[in-house]
Every structure is written in C-alpha cells, then in structure tokens.
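Data block below; observations after.
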Amino acid sequence: MRQDKPHLILVDGSGYIFRAFHALPPMTRPDGVPVNAVFGFTSMLGNFLTKHAGSHIAVVFDRSRVTFRNQIYADYKAHRPEPPPELVPQFALIREATAAFGVACLELENYEADDLIAAYAKAFSAEGGQVTVVSSDKDLMQLVGPNVQLLDPIKQKPIREPEVFEKFGVTPDKVVEVQALAGDSTDNVPGVPGIGLKTAAQLIQEYGDLENLLACAGQIKQPKRRESLQNFAEQARISRQLVLLDADAPLPRPIDELLAQPPEPGKLAIFLRDQGFRSLLHRMGLEGDSGAPATSQPRHAPAILAQAEPVGAPPEDAPAFGPYETVTDLDTLNRWVEEARAAGTVALDTETDSLDALHARLVGISLAIAPGRACYIPLAHGPKPGNGDMLEAAPVAPVQIPLREALSALQPLLEDPGTLKVLHNAKYDLEVLGRPQAEGANSGIEVSPVDDTMLISYSMDAGRHGHGMDELSLRHLGHSPIPYDQVTGTGRNRVPFSQVDLEKATAYAAEDADVTLRLWQMLKPRLRSDKALALYEQIERRMIGVLKQMEMEGIRVDGVELARIGEDFSQRMVTLEQKIHELAGRPFNVGSPKQLGEILFDEMKLPGGKRGKAGAWGTDAAVLEDLSARGHELPKTVLHWRQLSKLKSTYVEGLAAQLDPRDGRVHTDFSMAITSTGRLSSTEPNLQNIPIRTEEGVRIRRAFVASPGHVLLAADYSQIELRLLAHLADVPSLRDAFAKDEDIHSRTAADIFKLEPDKVDREARRRAKTINFGIIYGMSAFGLAARLGIGPGEAKGIIDAYFAQYPGIRAEMERLKEEARINGFVLTPFGRKLWIDGITSKDMSRRGNAERAAINAPFQGGAAEIIKRAMVRMPKALKDAGLDAKMLLQVHDELLFEVPQGQLTATSAVVKQVMESVAELRVPLRAEIGHGANWAEAH
DNA sequence: TACATCACG
DNA sequence: GACGTACGTGATGTAC
C-alpha cells in the first residue's frame with residue numbers, strides 16, 4: 001500500500017463498542033451516566049489514531065436493528081438480544097467521541113454498517129484509492145481485494161487474500177457463495193443443513209458459485225448432501241442475499257467529507273474532561289490544556305496523526321514480492337549461479353512432493369539474491385493431469401532443465417565455502433538435497449555453509465511466538481506469503497507440487513526464498529544486539545547437522561515382535577471389555593470417557609464424580625485410581641483396558657505404520673523451534689515418549705533393537721534439573737550431596753524432616769522427591785497435598801520446612817518471577833532468553849500459569865542447553881577416538897547410541913566424558929551409562 | 001475440530 | 001474471600 005495514493009480507513013464502530021462494553025467493568029460518570037463503553041471506545045480509537053493514518057477516515061455505525069434484510073428473511077439476526085440498558089445511553093456519547101477526534105461518523109437508516117463499508121470501499125477504490133477496514137468481522141472478508149484490506153483491531157494484523165483463504169478456503173470473491181451454503185448461526189443465516197465451512201469451500205472450489213452448484217446438484221455423489229442441496233436450494237439463495245453486502249447502498253456523506261481532519265486537541269480535551277476520563281487526558285498528553293483552541297503548536301496534537309504509518313505496509317522503498325523469474329534453460333541458471341556467487345549470500349528453498357524429508361522427491365529449487373530478486377528452477381514438474389477426454393492431446397510436462405544438469409550446475413554453488421546459503425528450517429532441505437542420487441530424484445549435495453532463519457528467530461524469541469516462515473514474514477516484513485494450500489488446493493482437490501503450473505509454482509516458491517533472504521537481513525544483525533549470537537552459532541546452527549544425521553540413521557524396530565505384542569494386547573482387551581460390560585450391567589463404548597462417566601456416576605452413583613468444563617464427568621486415571629482404591633472393580637478394569645488400548649493404538653499400530661520398509665527402521669523428525677524452553681520435540685513418530693513406566697510398556701521398548709553386531713547404549717544425565725536448582729539457587733546442602741554423589745531425595749528428606757541420614761525411610765524419601773520435583777514446577781501447597789494425598793495444612797508445613805531449610809530456593813523462585821515480570825523473559829544459566837507469555841496478565845489464573853512457567857523455564861531450558869552442547873561435541877569426540885558409534889535419539893536428558901559390539905567400553909568412556917564436561921556448574925554433572933540388545937535393557 | 005486422555009522427560 | 005492449583009511436549013479416539 002503506497003503512501004502517495006489516497007487511503008481511506010473505515011472503522012467498524014459496532015465492533016469497537018461491543019468489545020469496549022464487554023471488556024470493561026461498569027463505570028459511571030459523577031452524574032450516574034454509564035460510560036464504560038464510551039471510555040473503552042475513546043481509548044481504542046485514540047490509540048488507533050496514534051498508530052495509523054489515512055488521507056480519509058470514518059467510523060461506521062449501525063443505525064437501527066431492522067434493515068432491508070429483514071424483508072428478505074424475517075428471522076435475520078432475530079435472536080440477537082436487545083442491547084443491555086446500560087449501553088443504550090452510551091451510543092450518542094460514542095458518536096460525540098468520534099466527532100471530538102475530528103473523525104466522521106457514518107450511518108444510514110435501513111442499512112447495516114457493513115453495507116456502508118462496502119459501498120464506501122467500492123466508491124473509494126473505484127477512484128483509485130486504497131481502503132483499510134478496521135474490523136475482524138468475517139462478513140466483511142468478501143470485500144478484500146487488491147485495493148481493500150481488513151485490519152484485525154485486536155491482533156493489529158492485516159487480513160488480506162491469504163488470510164481470507166485460510167478462513168474460508170476460497171478467494172474473497174467467493175466468500176458469499178461459501179457463506180450462503182454454510183450459513184451463520186450467530187446471524188441466523190440458515191444456509192444448507194449439513195454443510196459446514198469445509199464442505200462449502202470444497203463445493204465452491206469445484207463448482208465456482210452457488211447457482212452453478214445448484215444447477216449441478218443432481219451430480220453430487222453423496223446422497224445426503226445432494227438431497228440437502230436440492231431441498232434447501234431456495235434457502236441457500238436467501239442466505240446468499242443476506243450475507244451479500246450492498247455495495248450500492250447510498251452514501252450518507254460525500255467522500256470529500258471524510259478527509260482526515262487536523263486534530264483539535266482542545267475539543268478532545270473538553271470531551272474527555274466532561275466524561276471524567278482523566279487517565280485518557282493524561283495518556284493523550286492533553287492535561288493542563290484548558291481546552292482553549294490549540295493555536296500554539298501543541299506538542300501532543302501531532303502525536304495523534306503525525307507519526308502514523310500506513311497499516312501493515314512494508315517500508316516505502318522495499319521491493320515488491322514478485323514477479324519472479326522461472327528458470328528453464330541452463331544458460332539462465334548459470335547466470336543466477338554466478339550472480340549468487342558474486343553476492344556471497346543466497347537464500348535457498350526446495351520444493352518437494354512430501355513433508356517427510358526422507359521420502360520427499362525434489363521438485364524444484366528457488367534462489368533469492370536480493371530482496372525482490374528471486375527465481376524458481378523447476379526440476380521435476382510433470383504434466384497437469386488431463387480431464388480424461390479422449391479428444392484432448394496427451395498432456396506434456398513443461399519445459400525445464402533436465403534434473404541432473406541443473407543439479408550439476410547448482411552443486412558447486414551449494415557446496416561453495418565462500419557462499420552462504422540461507423534457508424528457513426535448513427534441516428529439511430539439507431536432508432532432501434543430501435540424499436544420494438541413487439534413490440531417484442535427489443542429489444547427494446552437501447549444502448554448506450548454512451544460516452537458518454528459523455533458528456535465528458528461535459535463538460532470540462523462543463516462547464514469544466512461532467517461528468514458521470509465514471508468521472515471521474507477517475511479523476517482521478508485514479507481508480503474508482502465498483499460502484501453500486492456495487497453490488496446491490486442499491483436501492480431495494490437492495495436487496502434488498509437481499503438478500502445479502510453473503507460473504503459480506514460481507510465484508510461491510521464489511517468494512519463499514525472497515522472504516527467507518529478507519528475514520535473514522532483518523534478523524541476523526539482531527543476534528548480536530540480543531546477545532544470542534553465540535547460542536545460535538555454537539549450539540543451534542551446529543545442531544542442524546547433528547540431528548540430520550540422527551534422523552537419517554533412524555532406529556531399528558522389530559516389526560514382528562511389535563505384531564506379536566499387538567495380538568496379545570488385542571486378546572486381553574476383548575476379555576477385559578467383556579468383564580467391563582458385565583460390571584456395568586450393559587454394553588457401552590469403553591473408549592468413550594463420556595459414556596464411562598455416565599455409567600460410573602449417573603447409573604452406578606459412585607462417589608467422587610467431578611464435572612469438567614464441558615459438563616462431562618471427569619474419568620481420567622487419577623479419578624479411576626481413586627475409585628479403584630475404594631474397592632470398585634469397574635474403574636480398575638477400565639484402567640487396565642485403557643493402558644492396553646493406548647499402547648496398542650499409539651505404539652504398536654502407530655509405530656508399525658512408521659516403519660520404513662527400506663531399512664526396517666523408524667526415522668523421527670526432531671523439531672528444533674517448537675518448545676518455549678529450548679527443548680527439542682519429536683514427531684512422526686514421537687520417539688521421545690516411548691513407554692517404559694509399566695511392564696506392558698517395557699515390552700514395547702524391547703522392540704527397539706540394535707542392528708546385528710551392535711548394541712544400544714543409553715546415557716542419561718542424572719538429576720540434571722535438580723543439579724541446576726542446586727547451582728542456580730546455590731543451596732549448600734544440595735551442592736554437598738551432589739558433590740558426594742549421594743541420593744538427593746534422601747538428603748532432602750533428612751534436611752526437611754530433621755532425620756539422621758540412616759533414619760530416612762521410603763515414605764520420607766518419596767515425599768521429599770515429590771516436593772523436589774514440585775519445586776521446579778512452581779507447585780503450591782494445594783498441589784503438593786493432592787500429589788501426596790495429605791491435607792493442605794500438612795503440605796504447607798512441609799513446604800515451609802523446605803524453604804526454611806533452603807532459603808536460597810525461595811529467593812530464586814521470587815527472583816525468577818520478578819525477572820519475567822520486568823523483562824518479559826527469563827534467562828537460562830547459559831544466557832538463552834525464554835519469553836514468558838502472560839506474565840503481566842490481570843487474569844490471575846493466566847498469570848499464575850505464567851509464573852510457574854517462569855520458574856520452570858530456566859531448569860528445563862538449562863538442561864536442554866546442556867544436552868545440546870554434548871550433542872554438538874559428540875560426533876567429533878567419537879571420531880577423534882576412532883569410534884563408529886552412531887547417535888540415534890535424544891530424549892531430553894538421555895542420548896541413545898548404536899555401537900559396534902567391540903567398541904562398547906571405549907564408546908562408553910567417550911560419551912560419559914563428553915556429557916559430564918560440557919558445563920562447569922557449582923555441582924558436578926553426572927551421566928549414567930547402560931547398554932543392551934534393546935532399548936529397555938540399555939537402561 | 002475441540003476435548004479428554006495418556007505416553008514420555 | 002475467591003480463584004485455581006506442577007512444567008514441557010505429541011498422538012489418539014470420541015463426539016460435535
């Protein structure tokens with residue numbers, strides 16, 4: 001959006017009023033007039049005006065409840081309640097407030113605000129202007145276009161075509177067609193029964209619009225859907241009329257009258273004072289201003305409009321995101337390669353046919369050399385599928401450089417030590433490009449050196465927001481890249497990227513490289529000023545290669561054994577299910593917590609039932625164990641059934657489905673930038689939550705086996721988070737216990753229960769262990785009582801004794817909460833910033849959650865850092881020792897290796913040495929090593 | 001798709 | 001005096 005074009009801002013007044021009224025507690029003026037909505041509205045509008053400016057501006061209001069839509073459909077918005085009586089007298093004041101800001105009010109009898117917005121947007125853009133509608137109302141999304149955007153007033157986020165597509169699954173011009181089908185319960189728009197947003201989008205994508213769909217309704221395969229469309233055709237047409245905004249509504253005021261007025265601080269000050277809004281007077285810097293017309297240059301007046309910048313627009317001089325070049329001949333490719341080399345930095349992105357890097361086939365590569373200067377090199381685009389028409393010519397693949405020639409031309413660049421390759425989530429692309437050519441389309445290229453914008457962002461902003469490219473682009477560049485779904489379609493209509501036509505593919509793929517480059521230019525320099533450069537360079541960036549190797553290695557799983565376990569579990573579940581039905585007195589779905597709750601608490605009238613927020617009975621393990629302990633057979637049997645059910649579906653079946661037939665191994669995908677604490681996470685499959693705590697679970701773990709001639713070696717950090725507690729809070733007794741390698745929970749028990757070391761029994765140790773862990777989770781007396789099954793008074797006594805014994809810990813907990821409150825983040829012992837969301841929230845519950853997260857983050861995050869340090873050092877340490885062990889998995893405080901049998905002793909020593917020496921704390925680090933033929937034995 | 005549940009550290 | 005009550009993940013099944 002350009003500054004030089006006229007720009008109209010239309011504020012949806014109803015949305016502001018509604019939010020203001022409900023967000024604020026009742027407030028009254030001295031004379032008793034309620035003003036909470038006036039206050040909120042004034043505050044929000046003032047705030048908005050300091051941030052945004054247009055050449056024209058207006059606030060649009062609804063005039064009356066009854067509009068022309070009620071003639072079409074009497075029930076339209078019929079179930080909307082009357083506005084609350086306290087709100088009614090505030091409407092007039094809100095219009096006064098708008099006028100006091102020098103902003104025009106628009107409203108018109110018989111029309112909704114949305115129609116006026118549509119009409120002004122149409123008129124204004126027809127004259128070549130840009131329009132921003134301040135509202136997140138989905139009914140306005142139909143207006144979005146090249147010259148019209150919405151702005152979400154809460155998230156301050158522009159809503160453009162990609163966001164509309166995300167919401168409705170179609171482009172803005174088709175939104176009314178989708179709404180006509182899906183209806184809208186909040187506005188009483190009936191739509192077609194049985195058709196929701198998803199189905200509607202699918203149908204419109206296929207048939208184009210409502211009329212065409214209704215004409216073709218007979219061809220719909222699903223019988224229910226077909227009948228529904230046929231029976232409710234008229235209702236759909238009415239719905240369409242209801243949601244279609246009337247862009248031809250009369251304009252109550254000519255556009256010229258919406259010209260943004262220079263502010264009149266005096267007028268605004270008078271209004272604020274009349275309402276008694278002293279805090280707003282103060283905030284807007286109008287205090288002390290007697291209300292006299294502002295002839296002297298008032299220092300605050302320009303603050304309202306002057307410092308404004310266009311909404312969500314990129315900097316004036318930023319090049320556009322496209323058009324980009326499609327590279328289909330070798331000469332052109334070579335020119336790009338040369339240019340990239342000369343630039344010294346090139347952003348790179350691969351397009352494939354799968355999210356799974358180990359199976360994905362390379363489809364194309366995009367490069368970006370400077371902002372706005374990017375290209376797409378299609379490599380394996382196939383023909384678009386024909387429509388089956390025999391008369392049509394056989395579809396042909398588009399012209400592109402033969403894969404091997406293109407890769408040969410690219411390889412020297414990608415491996416050139418003098419050219420930095422910038423990627424977003426580099427691990428994925430490196431795995432795709434690094435796979436050997438023998439496997440088909442891929443290339444055996446070792447891309448280096450590499451920067452990763454996802455990890456740069458994560459190194460500075462973990463916990464603050466996500467780190468996906470689209471989110472970062474919007475946040476840092478003010479630009480929404482084309483959504484992947486818009487390129488390939490969704491659901492049944494999705495096509496592989498290799499079948500996307502080159503024009504679309506280029507617009508999408510080259511844009512991603514362009515965005516990556518711009519993000520790099522923006523974020524990389526921040527690393528130094530944010531003191532995150534060392535973390536990024538020495539830990540996160542080096543983790544890319546380490547995890548890549550681990551993922552590609554995978555771990556062997558005995559599929560036959562898995563099948564045997566599944567068979568056994570199935571049989572036992574059948575027996576248990578019969579018993580459960582007998583005990584219940586009738587058959588029901590044991591897997592349904594809802595049905596189980598009704599059996600236990602409604603029918604059998606067992607005590608201790610609690611309803612959750614949805615009103616359903618809680619039946620989780622804690623509840624069932626409690627009932628079981630009271631001697632009830634049914635909950636006990638259900639617990640057993642649930643355990644088998646979980647193990648069977650998640651681990652036996654889930655894991656078997658992930659077994660790679662090519663090598664008999666499972667390959668996880670470690671996510672490097674998901675957690676708020678610096679930990680990794682693991683998906684598809686998650687190998688960080690393989691069972692171990694029960695005998696049944698151990699059987700699953702036994703199916704993780706070493707290759708022939710190898711053993712599995714597991715190395716666990718011992719009590720790493722409690723060691724960090726002893727270190728951070730500098731607790732003499734705990735430090736002493738760790739220094740002497742004593743049992744830490746027994747030491748705690750002796751300290752807080754004042755026992756001689758040899759008098760600590762199992763119960764005392766158990767309690768001490770619970771509280772030790774509870775402390776690093778920020779637990780309360782209530783929580784401890786629940787965990788220990790004791791009264792809150794007793795629990796409080798234990799906590800008091802704990803803090804009396806370890807005063808440094810209480811101080812550390814308070815310090816962490818304060819650190820989070822002041823900075824918005826806490827630091828791990830190694831300096832990683834972990835942002836804590838909600839720490840200043842007024843909502844007590846939310847703030848409580850944030851405070852506990854702040855307490856826990858340095859411990860969890862510190863531990864994550866320590867094991868990452870060990871992981872980046874490990875490959876070289878093993879290699880230097882001449883060892884062939886492969887690191888396979890990381891499970892937060894454990895590393896799992898596959899070791900040639902003859903190298904077990906030497907490998908154990910190296911692993912232990914590396915793990916214990918990566919950090920110098922006030923307590924020693926300790927790693928415990930085990931080995932065996934399978935993962936269970938290795939522990 | 002939201003929720004409940006439960007697997008792990 | 002009420003509020004809510006242990007941190008961080010991911011996968012699955014049910015029910016809307």
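Residue numbering restarts at 1 for every chain, and letters A, B, ... go by the order of the sequence lines.
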Residues which pass salt bridge (Lys or Arg N to Asp or Glu O under 4.0 Å) with A:D470, listed by chain and number, not counting sequence neighbours: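 Salt bridge (Lys or Arg N to Asp or Glu O under 4.0 Å) check on A:D470 returns nothing, list empty.
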
Please list, in numerical order, the residues of residues 679-688 of chain A that have a heavy atom closer than 4.0 Å to any atom of DNA chain B. A:R679, A:Q688

Applying a 4.0 Å non-hydrogen cut-off, can you work out what [X] is touching in the nucleic acid: base, sugar-phosphate, or nothing?
X	value
A:Q595	sugar-phosphate
A:G774	base
A:I855	nothing

Would you say [X] places a side-chain N or O within less than 4.0 Å of OP1 or OP2 belonging to [N]?
X	N	result
A:K198	B:dT1	yes
A:R642	B:dC6	yes
A:R693	B:dG9	yes
A:N589	C:dT14	yes
A:K594	B:dC3	no
A:S592	B:dT5	no

Mind checking the C1' distance from C:dA2 to B:dC6? Whole angstroms is fine.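 It comes out at 32 Å once rounded to the nearest Å.
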
